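The structure under discussion appears below in the form of structure tokens.
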Amino acid sequence: MEIMDSQDLMRGAQLLPDTGEPGFGVYVHWPFCAAKCPYCDFNSHVRHQPVDQERFAAAFLKEMASMRMISGPKTVTSIFLGGGTPSLMKPETVGTILDGIARTWHVPDGIEITMEANPSSVEAERFRGYRATGVNRVSMGVQALNDRDLKFLGRLHDVADALKAIKLAREIFPRMSFDLIYARPNQTVEEWERELKEAISYAVDHLSLYQLTIEEGTPFYGLHKAGKLIVPDGDQSALLYEATQEITEREGMPAYEVSNHARPGAESRHNLTYWRYGDYAGIGPGAHGRLTRGSQKLATATERKPESWLEMVERDGHGMVDQEMLGFDEQADELLLMGLRLKEGVDLARWQELSGRDPDPQREAFLLEHGFIERLGNSRLRCTPTGMLLLDSVVADLAC
């Protein structure tokens, strides 16, 4: 791992501006957590013995080489270390991974390099170590700002831990975001408004605000099915969502995506690559990717179980268990599904090129008349705030 001196850190503080292009991202999945949250359906695993980080890091590098053979030469526009809990990695492990990406593809100075972190695993020395490897943005899973709900959500940290982690992140990283989950059981609009205003007061430049969803296969799913966990109904959820949009807009952190809010210029470059339907290489257990090959796009997915993935990579050079060439119609549907999440909407010319058609005039007219979508000149189509509440239905109507 190469440790940067203070002058290097100063130079790395200024991120390259967003060009508006989809870009090419690299996603690396660290699958391990200290505990499994009862609402989480992500590919995360608890191990009670120390993880062999050197062995996993070597496997990440091998899988990168295989992905490079598919992608060809690329200029990386963002890197995201997700999980799981990447902040359980040693800084040396992070350094090995980032150095490997730089050897595999072209990585310009000043691109966004994000790491997810949990407040319970935050230490000042470790944060400084991550910064020294090149990480310049941290995204923290705070999830709530009261201890009662943190306990309900199965988090290992309390509010004091969260505030300490936020303070450290602001001191060490040029950019920082944190997540909150709302629409929790018995949560009122007034309670959420107070909590959201408190979150914004911590001088963050980006917030991810997600409604609690009950995912099949999670402990919450069983409780919900048995009637022991009641979440807000559709009307209450809509009121909470509307309050979220109103407060963040007023406080200068408007939604640029259905669940993501930022001060101008602080949007997540990596997530914009997904939503703008750019290419990205997915490295690690359970990672997904989209890589363009000629006029087609290859969808990749890797083995989810960490130990099985590790054995596959060491044997075969990669852990891919699924590679599917997406046809033009499938690409057009994915472009629509991702792009309508964004406030900037969908590039119509790109959608028309992939789908080979214009939007259905009758369906578009219906959605326009009812205020669910709007045109931005002749070049873009986007959901209105009302349409965002019915996003899945709007996408389904337009995709037909």
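Everything quoted here is computed from the prediction, not taken from an experiment.
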How about [X] and [Y]: does a side-chain donor come under 3.5 Å of a side-chain acceptor?
X    : Y    : result
E112 : N136 : no
H261 : T248 : yes
T93  : W30  : no

Please check if [X] and [Y] belong to a single hydrophobic cluster, counting links between Ile, Leu, Val, Met, Phe, Trp and Tyr side chain heavy atoms closer than 4.5 Å.
X    : Y    : value
L389 : L398 : yes
W351 : L368 : yes
W192 : V142 : yes
M338 : M388 : no
V395 : Y274 : no

Ring centres under 6.0 Å, that's the criterion: do [X] and [Y] meet it?
X    : Y    : answer
F152 : F220 : yes
F60  : W309 : yes
Y256 : H206 : yes
Y280 : F80  : no
Y130 : F173 : no

Does [X], at its [atom1] atom, have more than 12 non-hydrogen atoms belonging to other residues, nucleotides or ligands within less than 6.0 Å?
X    : atom1 : result
D109 : CG    : no
N186 : CG    : no
Y210 : OH    : yes

Looking at [X] and [Y], would you say the former's side chain and the latter's main chain have a donor-acceptor pair under 3.5 Å?
X    : Y    : result
E198 : R194 : no
D147 : V159 : yes
H29  : N43  : yes
S66  : G317 : yes
T300 : G289 : yes
T384 : F372 : yes
S308 : R304 : no
S355 : R357 : yes
R126 : S87  : yes
E116 : G83  : yes

Carboxylate-amine/guanidinium proximity below 4.0 Å for [X] and [Y]:
X    : Y    : result
K167 : E171 : yes
K297 : D279 : yes
E374 : R382 : yes
K90  : E54  : yes
R375 : E364 : yes
E191 : R184 : no

For Y277, enumerate each residue passing the ring-ring contact (aromatic ring centres under 6.0 Å, His included) test, keeping only those at least two apart in sequence or located in another chain.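 Testing Y277 for ring-ring contact (aromatic ring centres under 6.0 Å, His included), a comparison that skips the adjacent residues, returns none.
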
Measure the [atom1]-[atom2] distance between [X] and [Y] for me, rounded to the nearest 0.5 Å.
X    : Y    : atom1 : atom2 : value
I101 : R68  : CD1   : CZ    : 14.0 Å
L61  : T104 : CG    : OG1   : 7.0 Å
I166 : L145 : CD1   : CG    : 6.5 Å
S259 : I181 : OG    : CD1   : 11.0 Å
T133 : L98  : OG1   : CG    : 5.0 Å

Are [X] and [Y] side-chain neighbours, meaning at least one heavy-atom pair lies under 4.5 Å?
X    : Y    : value
R293 : M325 : yes
P306 : F56  : yes
M67  : V26  : no
Y27  : T273 : no
S237 : Q211 : yes
T75  : P108 : yes
E195 : Q187 : yes
Q352 : D358 : yes

Taking all atoms of both residues into account, what is the closest heavy-atom pair of [X] and [Y], and its distance?
X    : Y    : result
A183 : L212 : O-CB, 3.7 Å
I97  : M64  : O-CE, 3.6 Å
P359 : L348 : CG-CD2, 4.1 Å
L391 : L340 : CD1-O, 3.6 Å
A349 : D347 : N-OD1, 3.1 Å
G25  : T77  : N-OG1, 4.3 Å

Using side chain to side chain contact (heavy atoms under 4.5 Å, CB included), reason through W275 and L272 one step at a time and then give a plain yes or no. CA-CA 5 Å; W275 297 320; L272 282 172; 4.3 Å; yes

Please test E267 against K343 for salt bridge (Lys or Arg N to Asp or Glu O under 4.0 Å), starting from the C-alpha separation and ending with a verdict. CA-CA 12 Å; E267 298 85 359; K343 186 176 182 179; over 6 Å; no

I would like to know whether I247 and E193 meet side chain to side chain contact (heavy atoms under 4.5 Å, CB included); could you show each step before the answer? CA-CA 8 Å; I247 290 170; E193 286 177 340; 3.4 Å; yes

So L88 and V51, side chain to side chain contact (heavy atoms under 4.5 Å, CB included) or not? Walk me through it. CA-CA 10 Å; L88 293 175; V51 173; over 6 Å; no

Could you name each residue pair satisfying salt bridge (charged side-chain N to carboxylate O under 4.0 Å, His left out) that touches residues 151-166, not counting sequence neighbours?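 For residues 151-166: none.
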
Does anything in residues 229-255 form a salt bridge (charged side-chain N to carboxylate O under 4.0 Å, His left out)? List the pairs, not counting sequence neighbours.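 Counting only pairs at least two positions apart or across chains, the salt bridge (charged side-chain N to carboxylate O under 4.0 Å, His left out) contacts touching residues 229-255 are E246-R250.
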
One pair to check against side chain to side chain contact (heavy atoms under 4.5 Å, CB included): L229 and Y39. What are the steps and the verdict? CA-CA 11 Å; L229 174 59; Y39 57 85; over 6 Å; no

